[in-house]
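Numbered from 1 within each chain, the chains take letters A, B, ... in sequence-line order. All values reported here derive from a predicted model rather than from experimental measurement. Reckoned from all heavy atoms, side chains included, excluding hydrogens, waters and symmetry mates.
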Amino acid sequence: MNHSAISVAGPRAREIAELLVLFVGVSAVVYVIVVCALIWAIRRKRAATRFEDDDARRAADRKSRHIIGAATALSVLILITLALADFFVQRSLSAHPVDALRVVVTGHQYWWEIEYDDPAPSQRVRTANELHIPVGRPVELVLTSRDVIHSFWLPSITGKKDLIPGHTTSEVLVAEKPGVFTGQCAEFCGLQHAKMRLVMHAVSPEEYEAWRQQQLQPGRQPATDEERRGQSVFTKSSCILCHSIQGTDAAATVGPDLTHIASRTTLAAGTLPNDQSNMATWILSPHAIKPGVQMPATQLAPADLAALTRYLASLQ
Amino acid sequence: MSSRCLELLFLVSAVVLAGCQREERRFSEPPAASVAIRSVVQSDIRPGGAPPPPSPAFAYDSNAHAISQGKQLYEWFNCTGCHAFGGGAIGPPLMDDQWIYGSDPENIFATIVEGRPNGMPSFGGKIPEQQVWQLVAYVRSLSGQVRKDADTARSDHLFTRKSESSMGNTRPRPASPPPQPPP
Amino acid sequence: MNTAADLAELEKRWADPPGFLGWMKTVDHKRIARRYFVTALVFFALAGLMAALMRLQLARPENTLVGPDLYNQLFSMHGTVMMFLFAVPILQAVGVFLVPLMIGSRNIAFGRLSSFSYWIFLFGGIMIFTAFFLNVGPEAGWFSYVPLSGPQFSPGKRTDFWAQLVTFTELASLIVAVQIVVTAFKLRAPGMSLNRIPLLVWAEVVTSFMVIFAMPSVMLGSSFLISDRLVSTQFFNPAEGGDALLWQHLFWFFGHPEVYIIFVPALGIISEIVSTFASRPAFGYLALVLALVVTGFLAFGLWVHHMFATGLPPLGMSFFTAASILIAIPTGLQISCWIATLATGGRLRLATPLLFVVGFFFIFVIGGLTGLMLASVSLDSQLHDSYFVVAHLHYVLIGGALFPLFGGFYYWFPKLTGRLLSERAGKWNFWLFFTGFNVAFFPMHILGLKGMTRRVYTYGADRGWGDLNLLATIGAVTIAASMIVFAINVVVSLRRGQRAGENPWGGTTLEWATSSPPPSYGFAQIPCVDSRQPLKHGKEALAWVVGLPTLVRTSLVTRLHDAAPDHITVDPEPSIWPFWTAVAVSALFIGSIFTPWALVWGAIPVTVALIGWFWPKHEETERTNRIEVKPDESRPARFLESAS
């Protein structure tokens with residue numbers, strides 16, 4: 001499973017999972033002790049009547065006082081230990097990563113805007129909803145939001161961090177093995193909070209570099225007539241008002257960047273597998289899949305729609 | 001006593017129905033006739049021209065969600081580029097009472113879809129119809145022509161003017177006189 | 001000492017006027033508490049139905065029973081109603097009913113305020129449910145984070161209704177809190193010094209102080225929110241100098257004490273039930289009281305643990321980890337004391353009240369331990385906003401507050417109504433609830449660890465969460481069944497339940513010295529106490545205060561620390577003005593959802609109603625003067641020594 005806090009794929013999630021084991025172990029022992037004490041207290045053989053007088057009661061209470069005192073002292077020690085354990089893990093997780101890849105993630109309702117940071121603007125990769133990172137190298141996420149509070153969470157990799165408008169937070173990702181890991185927005189952000197997923201591909205450094213170079217290219221020019229028709233549909237209908245494709249006239253930043261849409265494995269923030277049929281459905285009636293999403297339903301003649309999806313499918 | 005009850009009932013029903021209209025969230029409108037791509041959209045503003053298309057049955061002007069969406073779209077589609085936040089820049093102001101092509105919802109719809117001389121682009125075929133109606137509702141809110149309780153309030157970012165709902169109840173401010181050419 | 005004539009005179013003074021008008025005018029804490037119970041339970045049932053709908057929607061992946069808009073309203077209403085309209089009011093109502101009876105007072109302090117607070121509570125509840133049925137129900141969660149609940153992202157009036165509900169319920173809670181503190185501090189029976197106060201009274205006092213300090217924070221926050229939405233202030237707008245996190249701080253500074261406000265009275269209930277059924281005073285009285293007080297203080301130092309994912313400085317967050325872990329100590333101490341009480345008492349009767357208390361132990365301790373996990377910043381980074389938290393919060397709230405509350409119902413139902421609830425149905429109620437609860441909520445721990453986030457109206461079939469969700473839904477249905485059993489038990493027992501005497505359980509606190517249900521005047525004579533267990537040797541061994549004037553409603557005010565008699569005070573007569581004031585205030589609150597002018601124009605009816613409230617009545621002034629200014633020399637007040 002690739003979206004679970006207990007099936008870990010990174011050192012940070014592993015540290016947290018190990019701490020969890022400590023806490024759960026201690027908790028289980030404490031619970032068993034408490035429950036056994038309770039059952040013993042209830043089932044204990046005793047005379048039907050209560051204490052004959054206050055002195056007898058006080059004598060018994062003295063003994064209880066010692067036991068409870070010891071139990072409380074022991075609990076304090078255990079709690080201090082747990083607090084310290086958390087403190088050390090927290091310190092380890094807060095350490096600034098060295099030689100980290102910087103990725104800026106901006107939350108929108110209901111998609112993730114992703115930009116790989118670089119000192120040279122021409123070397124910045126812009127994409128949406130899907131991250132690619134090299135295995136083993138720390139990735140420092142710089143998180144903010146364009147509208148409401150969201151939360152970035154890849155359970156198998158690390159803990160979550162909120163994306164708050166007006167603030168910048170940060171989180172670190174380290175994948176220790178290749179694979180596809182998913183998560184979803186973890187702070188209620190509106191109607192489609194439930195389907196605001198994110199997908200992360202952890203790949204070898206070479207594959208990552210190849211992917212990055214591919215992403216830096218402008219949008220692939222249409223090769224066939226149908227693709228050309230599709231590009232024309234894109235620029236002459238409502239798509240161009242919200243989306244951008246590098247290398248065409250489309251440069252709007254309202255919606256996700258579609259320059260390399262075909263290189264993504266999912267559509268609609270991880271909700272649908274990326275194929276032409278889903279793409280057509282998404283364009284024609286997004287609200288049938290995600291009611292409340294910002295993408296409007298776009299009416300297109302069937303031939304235009306087919307051409308458009310063919311063109312988008314060519315944008316590797 | 002019974003007429004008082006009737007009045008109360010009427011008032012309550014009015015409030016109830018008003019609330020219903022205001023709070024509905026309609027995500028997609030049933031599709032109207034689609035506008036063909038790449039066709040030139042002709043304006044019908046001439047004597048004897050066809051009347052503008054009818055308003056949709058759904059009252060966008062009374063719907064808070066529609067006006068709020070319209071406000072977002074107003075910025076996303078760069079209406080602010082010419083009309084600023086209603087005060088006008090290279091395009092005419094939208095918060096005054098001067099409407100060159102009419103202030104009814106149908107008129108504003110036609111203006112957005114058909115475009116107008118001297119710089120208003122035609123968005124027909126570019127902006128889906130439901131979103132145009134949302135923009136229409138928002139534009140009308142800029143001059144206080146929508147229901148006060150459905151109106152939007154302030155935005156969550158830097159703004160250079162008062163919020164729409166604080167202008168709502170007033171009459172649209174009179175237009176400034178057109179600049180006179182030098183004698 | 002009580003002649004028939006005396007009792008008749010008392011009854012005349014203290015009874016409410018007859019009929020519907022008398023019902024509206026009452027200031028009797030027992031009648032008002034009963035109203036609170038019934039209303040809060042109705043809200044509980046409605047919020048429970050919403051939960052059932054949510055569980056049905058989540059039973060299968062990609063289910064289409066409920067769409068996102070309705071689902072968002074359902075979970076927002078469920079949380080809001082449970083927290084603001086059920087849990088706090090009902091546990092305060094336990095105090096409204098029992099605190100005066102347990103301290104030997106005839107009425108709660110400021111009786112007309114009780115009436116006012118009930119109407120405010122009721123009108124707020126009616127408002128929000130009306131809003132919900134008109135599609136204007138809250139949609140941004142019970143916590144309404146900005147900017148989602150702000151003017152830009154929450155169009156319409158939904159969030160405004162939510163924010164005003166907060167105002168309604170906070171006003172009602174604050175009023176009751178003030179009353180409980182004054183009652184417990186100043187109206188105690190002579191001899192009930194601080195170290196002889198029943199543990200439930202201590203719990204309610206600590207709760208009331210928490211209410212007084214915590215509620216203003218959320219009232220302020222919700223007022224800021226309404227103000228942002230209505231008149232364009234910028235409190236939460238980051239671009240204009242505000243901050244989205246300000247809301248979270250203001251809300252959680254209230255929100256964390258809120259859950260302790262719900263939890264602490266339940267701790268008091270447990271102490272009472274445990275000591276009665278173990279036939280001995282609760283072990284470690286001083287430790288139990290100090291634990292309550294320390295919990296109350298510490299509760300204010302934890303709120304940031306709800307914000308661990310917001311990127312606050314790690315060192316600061318570690319402080320809140322330490323505080324959140326620390327608060328386990330007083331609670332653990334209390335649990336040890338109760339186990340010691342059970343272990344060293346007489347033979348236990350596992351009647352339904354004790355059964356629910358045992359259920360508390362099993363369930364709450366799990367909740368407390370998962371709370372330790374959530375207290376850790378590192379663990380919380382994985383667990384926050386996942387179904388693990390849903391599991392935790394229900395374990396602590398249902399286990400920690402609802403199970404003791406049900407135990408309290410079964411325990412004090414005879415005192416409230418004069419009839420006992422059926423033991424057999426009670427056991428069915430308990431076992432269905434206990435089983436259903438664990439089946440419903442334990443799997444949610446695992447769901448959270450497997451990545452399921454909160455507040456989702458559906459989830460993908462590829463997530464692998466379907467089976468556990470189905471199990472949780474089955475548990476939820478079982479809980480619903482247990483509630484139906486409870487409802488039937490109550491309805492049937494009210495008519496045909498076994499009649500209860502004064503003291504069916506053999507309790508030793510003063511409420512068991514009155515009839516079941518108590519008469520309108522509570523105590524015919526104020527008792528004098530000389531120990532923590534006034535009824536230890538039976539009611540006949542009690543000493544009583546004689547000589548309180550019966551010309552008007554009078555109460556005996558005593559000193560704070562040693563409860564020595566101080567003076568006699570006159571209690572208010574039944575009045576319709578609290579109702580009208582509540583109507584006027586409600587109109588002001590609801591109007592201000594739509595226009596700020598409601599604050600101005602709405603103040604006029606409120607002023608008129610308050611004038612009516614305080615307008616002195618000739619007859620009352622006459623009678624009061626006769627007692628205070630010119631006391632009747634032929635019947636001097638005097639206090640008897642202990643009879644035994």
Side-chain angles (χ1 to χ4, degrees), chain A residues 1 3-6 16 19-20 23 27 30-31 34-35 37-38 41-42 44 46 48-51 57 60-61 64 68 71-72 75-76 79 82-83 86-87 89-90 93-94 147-149 151 155 159-162 164-167 169-170 183-184 186-194 291-292, chain C residues 67-69 72 141 145 147-148 153 238-239 243-245 279-280 283-284 309-311 314 318 321-322 325 328-329 332-333 335-337 339-340 342-348 358 361-362 365-366 369 372-373 376-379 381-382 384-386 449-451 453 455-459 463-464:
Chain A
M1 211 185 311
H3 55 268
S4 158
I6 40 185
I16 297 172
L19 188 64
L20 183 69
F23 271 70
S27 300
V30 167
Y31 187 67
V34 169
V35 162
L38 177 69
I42 294 175
R44 192 174 177 218
R46 67 195 82 197
T49 56
R50 56 195 95 163
F51 298 106
R57 196 192 73 222
D61 281 358
S64 303
I68 291 179
T72 307
S75 320
V76 171
L79 291 173
L82 292 177
D86 167 67
F87 180 72
V89 172
Q90 205 17 40
L93 293 175
S94 310
D147 40 36
V148 300
I149 300 181
S151 192
K160 62 182 65 72
K161 196 50 66 86
D162 286 354
I164 306 172
H167 287 253
T169 53
S170 77
Q184 54 191 83
E187 182 60 61
F188 179 61
C189 55
L191 286 158
Q192 283 303 324
H193 164 68
Chain C
D69 193 30
N72 293 347
Y145 274 5
L148 181 62
F153 298 103
D243 196 330
L245 279 187
S279 309
R280 60 153 290 171
F283 171 88
T310 57
S318 293
T321 296
I325 288 185
I329 296 171
L333 185 59
I335 289 178
S336 318
C337 290
I339 294 181
L342 289 170
T344 56
R347 188 177 300 151
L348 296 173
V358 170
F361 283 102
F362 276 88
V365 175
I366 294 182
L369 293 168
L372 289 179
M373 297 176 208
S376 143
V377 178
S378 326
L379 288 181
S381 71
Q382 287 282 37
H384 171 67
D385 245 322
S386 74
L449 287 169
K450 284 170 107 179
T453 50
R455 301 159 185 145
V456 291
Y457 74 100
T458 188
Y459 51 92
R463 292 310 223 182

Does any heavy atom of chain A fall under 4.5 Å from the side chain of [X], the backbone, both, or neither of them?
X: C/Ser318; answer: side chain
X: C/Phe362; answer: both
X: C/Pro238; answer: side chain

Does a side-chain heavy-atom distance below 4.5 Å link [X] with [Y]?
X: C/Leu449; Y: A/Leu20; value: yes
X: C/Leu348; Y: A/Arg44; value: no
X: A/Val148; Y: C/Tyr145; value: no

Measuring heavy-atom distances to chain C, does [X] have an atom under 4.5 Å in its side chain, in its backbone, in both, or in neither?
X: A/Thr72; answer: side chain
X: A/Ile164; answer: side chain
X: A/Val34; answer: both
X: A/Ile42; answer: both

Gap separating the CG atom of A/Leu191 from the CG atom of C/Asp69, nearest 0.5 angstrom: 5.5 Å
When rounded to the nearest 0.5 angstrom, what is the spacing between OH in A/Tyr31 and CZ in C/Phe361?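 Reported to 0.5 Å precision, the distance equals 11.5 Å.
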For a quick test of reading the model, state the closest non-hydrogen atom pair linking [X] to [Y] and the distance between them.
X: A/Thr169; Y: C/Thr310; value: CG2-O, 3.4 Å
X: C/Gln382; Y: A/Pro155; value: NE2-O, 2.8 Å
X: C/Ala244; Y: A/Pro165; value: CB-O, 4.5 Å
X: A/Phe23; Y: C/Ser376; value: CZ-CB, 3.9 Å
X: C/Ala328; Y: A/Leu79; value: CB-CD1, 4.1 Å
X: C/Phe283; Y: A/Ile68; value: CE2-CD1, 3.3 Å

Between C/His384 (side chain) and A/Lys160 (backbone), is there a donor-acceptor pair under 3.5 Å?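 No; judged by distance alone, with no hydrogens or angles, the pair does not exist.
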Side-chain (C/Tyr457) to main-chain (A/His193) donor-acceptor, under 3.5 angstrom: no
Identify the residue among C/Thr321, C/Leu379, C/Leu372 that makes a side chain to side chain contact (heavy atoms under 4.5 Å, CB included) with A/Asp86. C/Thr321
Apply side-chain contact (heavy atoms from CB on, under 4.5 Å) to the pair A/Ser151 and C/Asp385, showing each step before the final yes or no. CA-CA 9 Å; A/Ser151 192; C/Asp385 245 322; 5.8 Å; no
